[in-house]
Amino acid sequence: MSQDTLNFIFIGLSFAIYIVIAVYSRAGSTKEYYTAGGGVSPLANGMATAADWMSAATFISMAGTVAISGYDASRFLMGWTGGFVLLTVLMVPYLRKFGKATVPDFVGDRYYSKLARGVAVGCAIFICMTYIMGQMRGVGVVFSQLFGISITSGVITGGTIVFFYAGLGGMKGITYTQVAQYCVMAFAYTIPAIFIAMALTGNVIPQLGLIGNYTVGDEVVPFLQKMNNINTELGFSEYTSGKMSTLNMFCITAALMCGTAGLPHVIVRFFTVKDVKAVRKSACWTLGFIAVIYLTAPTIGAFSRVNLVEKLHDTAYVDAPYWLQEFEETGQMAWVDKNDDGKIQYFGPGKSESGSFSVFQGKSPIYPTFDAPEDQRIGKHGERLLATKADTSNPNELWFGNDIMVMANPHMAGLPMWVIALLMAGCIAAALSTAAGLLLVLSTSISHDLMKKIIKPDLSDKEEVNYARFASFVALAVAVYFGINPPSAFIAKTVAFAFGLAASSFFPTLLMGIFSSRMNKEGAISGMLAGITFTFGYITYFQFLDGTPDQYFFGITPEGIGFVGMIINFVVAFVVSAFTPRPPQHIVEMVESIHIPNGSSEAQNHDFEI
Amino acid sequence: MQNDNSRAHRKACLHITLALLAIWFFISFGCSILLRDWLDANLPSIGSAPFGFWMAQQGSIIGFVLILIAYAFLMNRLDNKHGYSEK
């Protein structure tokens with residue numbers, strides 16, 4: 001049986017399961033559509049949230065990011081798990097007690113203002129849009145890999161599927177489908193890691209392999225020492241040291257953590273369980289399931305880097321393994337024979353005086369058109385030629401995208417075909433589950449918060465759902481466009497911006513709304529606007545305009561600026577609220593009541609028991 | 001009566017929250033970022049991994065899960081004590 005047939009069987013099978021579940025548990029009412037009726041078990045909700053959380057970007061590129069930057073990539077590992085601690089102890093139990101369907105709902109009611117609600121809707125839409133762009137890119141990568149088509153057609157194919165899929169079930173359908181998707185993803189991620197750990201370190205558990213010995217070859221060395229040796233030999237910085245400044249590392253990690261705690265599509269997941277107690281339990285499950293994947297990612301990154309270097313560095317192109325050509329075909333790897341010796345050389349920035357190790361000029365490879373003469377498309381060793389000029393300031397000849405580490409990993413390690421098929425199904429599950437969850441929040445933000453609560457309060461249920469469908473179509477179209485023309489080179493980076501924006505808008509506003517009964521609408525609105533304007537401006541200036549790295553504010557990259565934006569939000573909000581009137585009495589009482597964990601009507605009954 | 005009770009509950013809840021957040025800060029920002037170089041050099045390695053590096057890529061994540069389990073346990077106990085548990 002060929003690899004393609006096996007891929008189709010695995011993916012077809014998983015799709016069949018999702019569709020059966022989605023049809024079986026589709027939403028019957030608007031309440032079920034938005035929050036699944038509020039009766040999902042903590043365990044199921046934990047799995048579903050984990051699947052929602054594990055985006056295509058995380059699934060596909062995180063291990064690659066770890067492989068390339070070693071210690072420095074810890075910011076993603078910690079940021080995207082540690083945020084759940086903030087989320088659980090500071091946010092969701094209180095928001096669940098408040099008991100509304102969406103995050104802008106809370107902001108609008110707590111700050112007794114349509115303007116606050118409007119700003120919150122704007123922020124929610126913006127964050128989800130930024131986030132979903134990364135997803136569409138991820139979907140495109142998977143489909144291009146799967147069907148051997150270009151990433152552009154992959155993005156469009158994926159977008160179409162996601163649209164039909166997300167329209168099916170509402171929150172209830174999505175939740176139960178995501179439970180199945182989590183299972184597929186967890187197996188797809190850990191099984192290759194186990195195989196490779198056994199091959200490289202003789203250890204069944206990848207996490208132990210990472211801190212164990214490298215057992216391939218004659219001499220046995222500690223695995224991480226082997227990594228460091230490879231890196232220093234090739235001119236990279238030591239794998240376990242990293243080269244990012246401590247301040248920048250701190251800011252990025254903090255921005256990712258606070259951003260996680262302010263992401264509307266994650267918060268809304270906890271509105272689907274029964275009560276505050278169930279929220280706490282569900283959060284434990286969620287982080288537990290997420291940890292399974294996040295503890296495996298660094299092992300996959302390290303293992304595949306060793307494999308990649310051992311298999312390709314100093315190998316003649318004609319002897320290189322078959323998958324190199326496959327990935328050249330999809331534009332995820334490229335080889336430029338700078339010294340004309342027919343061999344592949346992979347070197348880091350330490351091997352050249354210019355300090356760069358770019359293979360060609362520009363960020364990603366550009367190829368000659370299909371109708372170009374053959375000698376412009378195919379080189380003398382059979383390699384795929386680039387249209388961009390080679391960067392001759394350094395000796396590095398091999399380029400690969402971050403995505404390659406997970407996708408090519410089983411090929412590199414020579415794993416059985418069904419493992420590769422399972423991985424494909426896992427990638428698609430990751431992309432679908434997150435995109436579906438995001439689309440739901442996007443469309444409800446527009447239909448519920450914007451249309452129903454601000455513009456047309458007399459909207460009927462049916463009209464509301466129609467607006468939601470239309471909104472998700474438009475949102476997806478925009479996301480597909482940016483998926484084809486990503487504003488930033490790597491998927492993980494595109495997503496990181498969503499976190500910066502969430503950290504500078506929702507996180508402080510919600511936190512103050514929950515814990516300070518003195519915070520009024522003037523403070524909250526000006527804080528949100530100041531935070532998001534600053535963060536958005538900073539990112540735009542350095543990503544889309546002509547900002548250069550030496551202009552960075554204290555050396556903080558755009559990824560970490562959300563942390564500064566958050567502080568600005570806090571300061572502005574407190575200063576403005578100190579000079580403006582107190583919030584009305586019923587708001588103060590509302591803030592008091594969300595700190596009491598059980599239903600307010602039942603609380604009075606308990607008075608007699610005390 | 002109810003006011004005193006809810007105030008005491010809220011105060012105890014705040015203590016739990018702040019204590020857990022202090023641990024959270026220490027294992028993530030403390031061990032894995034700010035003190036990493038010192039820990040790498042001075043503490044025993046975990047397997048073959050330097051201590052700070054291991055904390056950053058594995059240890060902190062395990063710690064986060066434990067924090068959440070502790071939070072659920074402590075808060076449920078607190079709710080029971082103050083008569084706020086459901087049913």
Side-chain angles (χ1 to χ4, degrees), chain A residues 66 70-71 73-75 77-79 81-82 84-86 88-90 93 207-208 210-213 221-225 239-242 246 249-250 253-254 257 274-277 280-281 283-284 286-288 290-291 294-295 297-298 515 592 595-599 602-604 606-607 609-610, chain B residues 1-7 9-10 13-14 16-21 23-25 27-29 32-37 40 45-50 52-76 78-80 82-87:
Chain A
V66 179
Y71 166 79
S74 314
R75 64 189 191 275
L77 297 170
M78 284 191 290
T81 51
F84 275 86
V85 175
L86 287 178
T88 312
V89 304
L90 294 176
Q207 287 79 2
L208 294 180
L210 183 70
I211 57 172
N213 290 326
V221 286
F223 181 78
L224 285 167
Q225 194 187 321
Y239 190 75
T240 53
S241 306
T246 306
M249 183 89 183
F250 186 97
T253 312
M257 284 185 176
K274 198 169 106 243
D275 52 29
V276 173
K277 202 173 164 186
R280 295 177 193 141
K281 202 166 162 190
C284 292
T286 304
L287 190 59
I290 291 172
Y294 272 72
L295 290 174
F515 287 96
E592 300 282 314
H595 285 272
I596 297 170
N598 58 357
E602 285 166 67
Q604 284 164 2
H606 282 292
D607 261 352
E609 294 165 21
I610 294 160
Chain B
M1 185 66 192
Q2 204 225 338
N3 257 343
D4 284 350
N5 188 40
S6 70
R7 207 166 290 144
H9 175 271
R10 198 171 158 178
C13 170
L14 201 64
I16 293 174
T17 307
L18 290 179
L20 290 177
L21 283 182
I23 301 174
W24 164 82
F25 186 86
I27 60 173
S28 53
F29 294 100
S32 312
I33 296 178
L34 299 174
L35 305 173
R36 178 180 68 95
D37 292 329
D40 276 359
S45 299
I46 310 281
S48 67
F53 176 80
W54 185 82
M55 276 307 287
Q57 300 219 327
Q58 305 268 296
S60 56
I61 300 175
I62 298 170
F64 296 149
V65 178
L66 295 178
I67 290 176
L68 286 198
I69 294 173
Y71 177 76
F73 174 77
L74 292 173
M75 285 303 291
N76 288 343
L78 184 73
D79 288 355
N80 284 339
H82 289 268
Y84 284 142
S85 61
E86 302 286 338
K87 277 182 263 177

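By convention in this document, chain letters (A, B, ...) are assigned in the order of the sequence lines, proteins followed by strands, and residues within each chain are numbered from 1.
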Problem - When Met257(A), Glu592(A), His595(A), Lys281(A) are compared by non-hydrogen pairs under 4.5 Å with chain B, the top option - result: His595(A)
Practice task
Let me know if Leu90(A) has heavy atoms under 4.5 Å from chain B in its side chain, its backbone, both or neither.
Solution key: side chain
Exercise for the section: Would you indicate whether the side-chain heavy atoms of Lys277(A) and Asp79(B) approach each other to under 4.5 Å? Expected result: no
Completion exercise
Rounded to the nearest 0.5 angstrom, the OH-CD1 distance for Tyr71(A) and Ile33(B) is 5.5 Å
Handout entry: Leu295(A) to Gln58(B) - nearest heavy-atom pair and separation
Key = O-NE2, 3.0 Å
Exercise for the section: Please flag which part of Ala254(A) lies under 4.5 Å from any non-hydrogen atom of chain B: side chain, backbone, both or neither. Expected result: both
Handout entry: Point-to-point distance, once rounded to the nearest 0.5 Å, from CG of Leu287(A) to CG of Leu68(B)
Key = 5.0 Å
Exercise for the section: Could you check if a side-chain atom of Tyr71(B) sits within less than 4.5 angstrom of a side-chain atom of Pro93(A), using non-hydrogen atoms only? Expected result: yes
Problem - Flag side-chain contact, heavy atom, 4.5 Å: Ser32(B) against Met78(A) - result: yes
Exercise for the section: Decide yes or no for Met75(B) and Thr88(A): does some side-chain heavy atom of the first lie under 4.5 Å from some side-chain heavy atom of the second? Expected result: no
Handout entry: chain A contact via Leu21(B) - side chain, backbone, both or neither, heavy atoms under 4.5 Å
Key = side chain
Fill in the blank from the handout: Separation between CG (Leu86(A)) and CG (Leu20(B)), nearest 0.5 Å, reads 11.5 Å
Exercise for the section: Working to the nearest 0.5 Å, report the span between CD1 of Ile67(B) and SG of Cys284(A). Expected result: 11.0 Å
